[in-house]
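Reviewing the structure listed below.
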Amino acid sequence: MNLRALFLLPVLLGLSHADDSARLCKLLAKGGTVTIPAGDYHLEGVKPLPLASNMTVFAHGARFILPETLPDKARLVLFAGENITHFTWQGGEFIGHVFDPAKKDNVWEPNANTKGIEITTTKEGGTHDIFFRDVRSNGMAGAVVGVHGLYGKKENEVTSYAERVAVESCTLLRSGKFMWDYGYLWQIMTFPEAYEPWEVERAKKYFRMDLVREITITAGDDRVKLDNTVRPIAVSVNDEPKEALTFMGEKLPNNIIRGRQYFVVDSGKDFIKIADKPQGEAIRFKDAGGGQLAFNISGTYLGAYAPTGSGPGKGAFDIVGARDVRVTGCQLSAIGDTMHIQRCRNVVFANNHIIGSRMGAFFLAEYCQNATITGNLVDGTNGSRVISVEKSCTDVTMTGNTFRNGGRGAWINQPVNFVMTGNVFINNTTKNETDMRRGRIAYQTAKPGTFPELYFTLYEPGATYGPAIVRDNIFILGESAPDEAVTFAPNGKDILFTGNIFRTKSATIVVDPTCTNTLVDQNPGAKTVIKAVDFNHGRR
């Protein structure tokens with residue numbers, strides 16, 4: 001038997017590689033400086049391999065290969081430590097098979113969760129001086145690098161920060177928690193004719209079918225007939241998405257718009273009545289029809305961005321509750337959010353290249369303080385928002401970056417002391433396109449979305465935001481950018497928006513009249529309009 005035949009024999013016999021966990025555990029148990037020799041290490045991830053303080057791991061040339069197949073809701077962590085100090089990891093590559101909706105066949109389920117290195121904290125001073133360099137990955141279904149301080153359930157709560165965390169010169173590709181994206185499965189279910197049959201069948205498998213009902217409609221009637229005895233659809237109490245429903249199917253009455261939201265104004269055991277708005281006049285149908293409805297848009301469209309049963313660990317790296325964080329010189333991509341920094345203080349994100357993102361490209365999450373974002377190239381490649389600066393981030397400076405090809409623009413949510421200067425924005429509204437594979441239908445209108453290129457919002461009605469300085473940026477608008485390319489929510493204070501250049505099409509900057517002490521002027525290619533703006537526009 002030749003060498004090639006010997007090599008292929010385990011594959012032909014259906015045998016899997018032996019798990020190398022014990023071998024690696026023995027190496028790590030030595031502590032101090034640990035060298036993992038170059039080569040392939042097959043890990044089943046049944047139990048995390050323990051990391052310790054005062055340890056330096058050199059793993060250059062080592063490849064950590066995860067199982068070829070995983071069960072539903074798989075949860076794997078390969079290396080983990082608690083209350084780790086003075087720890088360095090250099091080199092090594094993590095290889096998995098994250099679910100990819102562009103592929104017809106996948107070996108991992110969408111809700112698989114596989115993490116590379118996870119460090120957690122249980123006490124004050126428990127985690128500090130953590131350094132990662134030259135780590136590589138491809139296809140991980142969770143954060144390759146995760147560092148977590150001790151924090152509670154409240155979004156702004158941190159009991160004990162991890163201190164001095166650095167991620168440097170790492171190449172983490174197609175890695176992070178898989179996400180469907182907002183409305184992805186809903187759109188395939190609602191407009192199946194735009195997709196391949198296998199895509200439709202897969203959507204049926206993973207869509208919230210528990211929120212779908214078969215319906216019939218009689219001409220001249222105002223009732224939608226259905227079995228409403230199990231988990232009955234109640235009358236809508238307001239216009240929130242959870243109170244709304246949409247219709248699916250090609251045989252609906254002519255005065256029902258497929259994919260547009262409607263609200264329930266009456267409900268019985270075998271029927272509901274619908275209207276364009278809560279407590280509105282019930283629609284009487286011009287002709288007969290049938291199909292399906294999907295109720296609770298929060299579940300079918302918005303909440304369905306992540307697979308049912310998925311685990312935590314957004315992004316190629318996930319740093320939460322840390323102080324003095326530095327991410328430099330990395331290349332990142334993900335079939336979900338690309339990176340995740342949350343509840344952190346003193347953050348430097350510099351000279352990185354985000355080369356693809358199915359959802360959020362740059363994600364500075366809730367309650368971060370003192371962050372400098374500079375010299376980065378962020379390519380959303382039709383992701384969700386090219387930038388998210390979320391919930392009350394304070395003292396944030398974004399300078400000298402290029403943001404391009406995002407899907408839902410740049411979202412700045414109730415910031416305090418925010419500066420955005422000298423950046424280039426190129427076509428970040430691809431989700432507004434009519435192409436069903438690039439764009440996304442909005443449930444409010446059943447038409448393509450209208451996300452602005454840049455929008456400031458509130459997450460708390462009646463709250464305030466600012467000061468905010470946005471100046472000397474270049475906006476090269478895509479064909480699908482709306483006329484209202486920049487929008488400011490109510491109650492902004494001390495807003496300066498000057499010297500920004502808009503190219504390729506005319507633009508309007510919309511400022512809510514409740515904003516005070518604003519200077520929005522001298523922005524070539526754009527005009528300014530003062531009119532009411534919804535406080536949470538663009539968030540859905």
Side-chain angles (χ1 to χ4, degrees), residues 182 360 362 380 384-393 396 398 403 406-416 418-421 423 425-433 440 442 444-445 447-540:
Y182 299 105
F362 175 79
S384 183
R385 293 159 183 120
V386 74
I387 306 169
S388 293
V389 178
E390 257 275 33
K391 286 190 179 180
S392 294
C393 286
V396 177
M398 309 184 79
F403 302 101
R408 295 183 173 93
W411 179 31
I412 316 300
N413 190 10
Q414 205 168 305
V416 179
F418 178 81
V419 177
M420 177 184 281
T421 61
N423 303 284
F425 296 83
I426 305 171
N427 185 24
N428 291 301
T429 55
T430 57
K431 279 292 187 289
N432 297 346
E433 295 179 10
R440 186 74 72 243
Q444 298 95 331
T445 62
K447 297 178 181 180
T450 56
F451 293 95
E453 178 75 32
L454 172 65
Y455 45 108
F456 287 75
T457 69
L458 300 170
Y459 65 92
E460 299 171 310
T464 63
Y465 65 96
I469 297 174
V470 182
R471 65 185 305 169
D472 301 336
N473 301 285
I474 297 173
F475 294 90
I476 302 175
L477 303 176
E479 292 183 1
S480 298
D483 291 337
E484 297 182 351
V486 177
T487 53
F488 288 90
N491 300 329
K493 298 183 183 299
D494 302 318
I495 306 297
L496 176 65
F497 192 93
T498 63
N500 301 287
I501 297 174
F502 291 81
R503 300 291 301 275
T504 69
K505 61 189 300 186
S506 61
T508 300
I509 303 161
V510 183
V511 182
D512 190 273
T514 61
C515 294
T516 59
N517 196 23
T518 64
L519 176 59
V520 182
D521 195 14
Q522 298 183 8
N523 297 292
K527 65 179 180 179
T528 303
V529 172
I530 307 299
K531 72 174 188 178
V533 177
D534 184 57
F535 81 95
N536 65 354
H537 67 285
R539 292 178 64 189
R540 293 166 175 163

**Asked** In Å, rounded to the nearest 0.5 Å, how long is the span from OH of Y182 to CZ of R408?
**Response** 7.5 Å
**Asked** Got a sec: does the NZ of K505 have more than 12 other heavy atoms crowding it under 6.0 Å?
**Response** yes
**Request:** Kindly give the heavy-atom pair with the smallest separation between A507 and A485, and that separation in Å.
**Result:** CB-CB, 3.9 Å
**Request:** For T504 and L477, work out which heavy atoms get closest and say how close.
**Result:** OG1-O, 2.6 Å
**Asked** For the side chain of D512 and the backbone of V533, is there at least one donor-acceptor N/O pair under 3.5 Å apart?
**Response** yes
**Fill in**
When rounded to the nearest 0.5 Å, the distance separating SG of C393 from CD1 of I412 is 9.0 Å
**Prompt:** Between the side chain of S388 and the main-chain N/O of W411, is any donor-acceptor distance below 3.5 Å?
**Reply:** no
**Request:** Output, in order, the C-alpha distance, side-chain angles, deciding distance and verdict of side chain to side chain contact (heavy atoms under 4.5 Å, CB included) for F456 and I495.
**Result:** CA-CA 11 Å; F456 287 75; I495 306 297; over 6 Å; no
**Request:** Look only at the side chain of T514 and the backbone of N491, and say whether a donor-acceptor pair between them is shorter than 3.5 Å.
**Result:** yes
**Message:** Using every non-hydrogen atom in the two residues, find where E453 and I426 come nearest and quote the distance to one decimal.
**Reply:** OE2-N, 4.5 Å
**T487 OG1 to Y455 OH distance, which is reported to the nearest 0.5 Å** = 8.5 Å
**Message:** Could you report the tightest heavy-atom contact between Y465 and A489, atom names first, then the distance?
**Reply:** OH-O, 2.7 Å
**Request:** Indicate the atoms forming the closest heavy-atom contact of N423 with M398, along with that distance.
**Result:** ND2-O, 2.9 Å
**Request:** To the nearest 0.5 angstrom, please state how far the CG atom of D494 sits from the OG1 atom of T516.
**Result:** 6.5 Å
**Prompt:** Which heavy atom of P482 sits nearest a heavy atom of P452, and at what distance?
**Reply:** CG-CA, 4.0 Å
**Request:** Please check if the side chain of N413 supplies one atom and the backbone of E390 the other of a donor-acceptor pair under 3.5 Å.
**Result:** no
**L454 and F425, any side-chain heavy atoms less than 4.5 Å apart** = no
**Request:** Output yes when a side-chain donor or acceptor of N523 lies under 3.5 Å from a complementary backbone atom of F497, and no otherwise.
**Result:** yes
**Item:** Residue pair E484 / H537, side-chain heavy-atom distance below 4.5 Å
**Value:** no
**Message:** With a sphere of 6.0 Å drawn around CD of E460, does it hold more than 12 non-hydrogen atoms of other residues, nucleotides or ligands?
**Reply:** yes
**Request:** Sort out for me which residue in T430, N428, T429 forms a side-chain contact (heavy atoms from CB on, under 4.5 Å) with N432.
**Result:** T429
**Request:** Compare all side-chain heavy atoms of N517 with those of K493 and state whether any distance is below 4.5 angstrom.
**Result:** no
**Request:** Starting at CG of D483, measure out to CD1 of I509 and round the result to the nearest 0.5 Å.
**Result:** 13.0 Å
**Interatomic spacing from OG1 in T421 to CG in N500 - rounded to 0.5 Å** = 10.0 Å
**Asked** Hey, are the side chains of F502 and V486 touching, using non-hydrogen atoms and a 4.5 Å cut-off?
**Response** yes
